[in-house]
Amino acid sequence: MLELIAPFFPGLTVSGIATLIFATFLGGLVRGFTGFGFAMVFMPLASIVLGPVAALGLIWVIDLPFALPLAARAAKRAEWREVVPLLVAATLTLPLGLALLVWLDQTTMRWLLAALVLGTVALLASGWRYHGQPGIPLSLGVGALSGLCNGLASIGGMPLAVFWLGAQSNDRHKTRANMQTYFGLGTIVSGSILWAKGILNATSLLMALPLFAIYGAGLWLGTHAFGLASDQTFRRIAYLVIFLSAIAGLPLWDLLLGR
């Protein structure tokens, strides 16, 4: 079956294609379930196959047709006084993250990506919670960090996960709506910058074509599973999937697995 879609993935082996399919479905599942986490699952795994720069372009194309409708539906439930400052600050720091992505070599980027993801999961799972209502300075700081991480590896959801998923005062419905609204608007902003930098190209679009259905299936399943889980289960599943993806993407395994 994978041989049938191989023309959409020029230069990739069957195992490489299988890895991208698995990463896309699993990332979609987490994204539909939590409202974030697609890149935190997809990027460590896809970077093994494509390298961080090409993986960044591919993830943007895959997510585009889904992020905008999700944001439109979530916008009426989102806390706009939290979303807008984050988005403004993220827009300003995104180009800096892209510059670092291009400058660093692939192996260094993969180690950095894994470290950032694992560090975020550890902080969230530790039980730390933010107390109180976020003010403008804190929102701007988190947004700036999100933009930097988004440019580095499309993992702008990590600071937001600490900010919203870790917030003691936030319930999962508000967290999910904020995330989906932010990412929908952020997709438009980041796409224009990625295009200007030449990271979005015809190869990204070609590879994304067979992955749209895979991602959509994961999103659908995750969205419907959301209503079946408690807040505690919601957090635990998100942490576990992201943790395992980061571990699997470590360059440490390259020699052992011969990749």
Side-chain angles (χ1 to χ4, degrees), residues 27 30-31 33-44 56 59-60 63 67 70-71 74-75 77-101 112-194 231 234-235 238-239 242-243 246:
V30 172
R31 173 85 152 84
F33 187 66
T34 65
F36 79 105
F38 178 37
M40 295 173 71
V41 173
F42 181 86
M43 285 297 293
L56 182 65
I59 194 175
W60 186 90
D63 196 43
L70 285 172
R77 299 188 302 274
E79 289 285 343
W80 283 95
R81 62 183 179 181
E82 296 180 15
V83 173
V84 172
L86 288 163
L87 186 63
V88 171
T91 302
L92 297 176
T93 56
L94 176 62
L96 176 58
L98 287 173
L100 288 172
L101 170 66
L112 178 60
L113 172 61
L116 288 171
V117 172
L118 292 172
T120 300
V121 173
L123 179 61
L124 289 169
S126 70
W128 179 86
R129 295 290 181 265
Y130 170 71
H131 295 270
Q133 291 296 322
I136 295 297
L138 178 60
S139 295
L140 291 174
V142 173
L145 184 58
S146 174
L148 182 65
C149 291
N150 206 25
L152 270 171
S154 195
I155 51 174
M158 293 197 315
L160 299 181
V162 176
F163 187 60
W164 278 326
L165 188 62
Q168 191 174 46
S169 60
N170 282 7
D171 62 37
R172 59 194 178 118
H173 298 280
K174 175 182 173 182
T175 295
R176 193 162 172 264
N178 284 348
M179 290 281 190
Q180 290 178 338
T181 303
Y182 174 88
F183 285 126
L185 296 173
T187 294
I188 300 172
V189 174
S190 61
S192 60
I193 298 175
L194 290 174
D231 280 348
F234 167 75
R235 297 176 194 273
Y239 301 159
I242 294 167
F243 171 79

Inset, instruction - Answer yes or no: is there a donor N or O on one side and an acceptor on the other, between the side chain of T91 and the main chain of L87, under 3.5 Å? - result: yes

Legend entry - Atom pair CG (L101) and CG (L96), whose distance is rounded to the nearest 0.5 Å: 11.5 Å

Inset, instruction - Could I get the full list of side-chain hydrogen bond (donor to acceptor under 3.5 Å, both in side chains) partners for S146, not counting sequence neighbours? - result: Y182

Inset, instruction - Taking all heavy atoms of P44 and all of A39, pick out the closest pair and write down the distance. - result: CD-O, 3.7 Å

Inset, instruction - Compare all side-chain heavy atoms of V189 with those of L185 and state whether any distance is below 4.5 angstrom. - result: no

Legend entry - Rounded distance [0.5 Å steps], CG in L100 versus CG in L152: 5.5 Å

Inset, instruction - List the atom of A246, the atom of A114, and the distance in Å for their closest heavy-atom pair. - result: O-CB, 4.0 Å

Inset, instruction - For residues T181 and A78, report the shortest heavy-atom separation together with the two atoms involved. - result: OG1-CB, 3.4 Å

Legend entry - Which residues share a side-chain hydrogen bond (donor to acceptor under 3.5 Å, both in side chains) with S190, sequence neighbours left out: W60

Inset, instruction - Let me see the working for F38 and D63 under side chain to side chain contact (heavy atoms under 4.5 Å, CB included), right down to the final yes or no. - result: CA-CA 9 Å; F38 178 37; D63 196 43; 4.1 Å; yes

Inset, instruction - Dump the intermediate steps for side chain to side chain contact (heavy atoms under 4.5 Å, CB included) on V142 and L86, then the final yes or no. - result: CA-CA 7 Å; V142 173; L86 288 163; 3.6 Å; yes

Inset, instruction - Mind listing the closest non-hydrogen atom pair of A71 and Q180 along with its distance? - result: CB-O, 3.3 Å

Legend entry - Distance in Å, F183 CZ paired with L70 CG, rounded so as to fall on 0.5 Å steps: 11.5 Å

Inset, instruction - List the atom of S154, the atom of L56, and the distance in Å for their closest heavy-atom pair. - result: CB-CD1, 3.2 Å

Legend entry - Spacing of L140 atom CG and T93 atom OG1 [to the nearest 0.5 Å]: 10.5 Å

Inset, instruction - List for me each residue that meets side chain to side chain contact (heavy atoms under 4.5 Å, CB included) alongside V88, sequence neighbours excluded, and say none if there are none. - result: V84

Inset, instruction - Please answer whether the main-chain N or O of A90 pairs with a side-chain N or O of N150 as donor and acceptor at a distance below 3.5 Å. - result: no

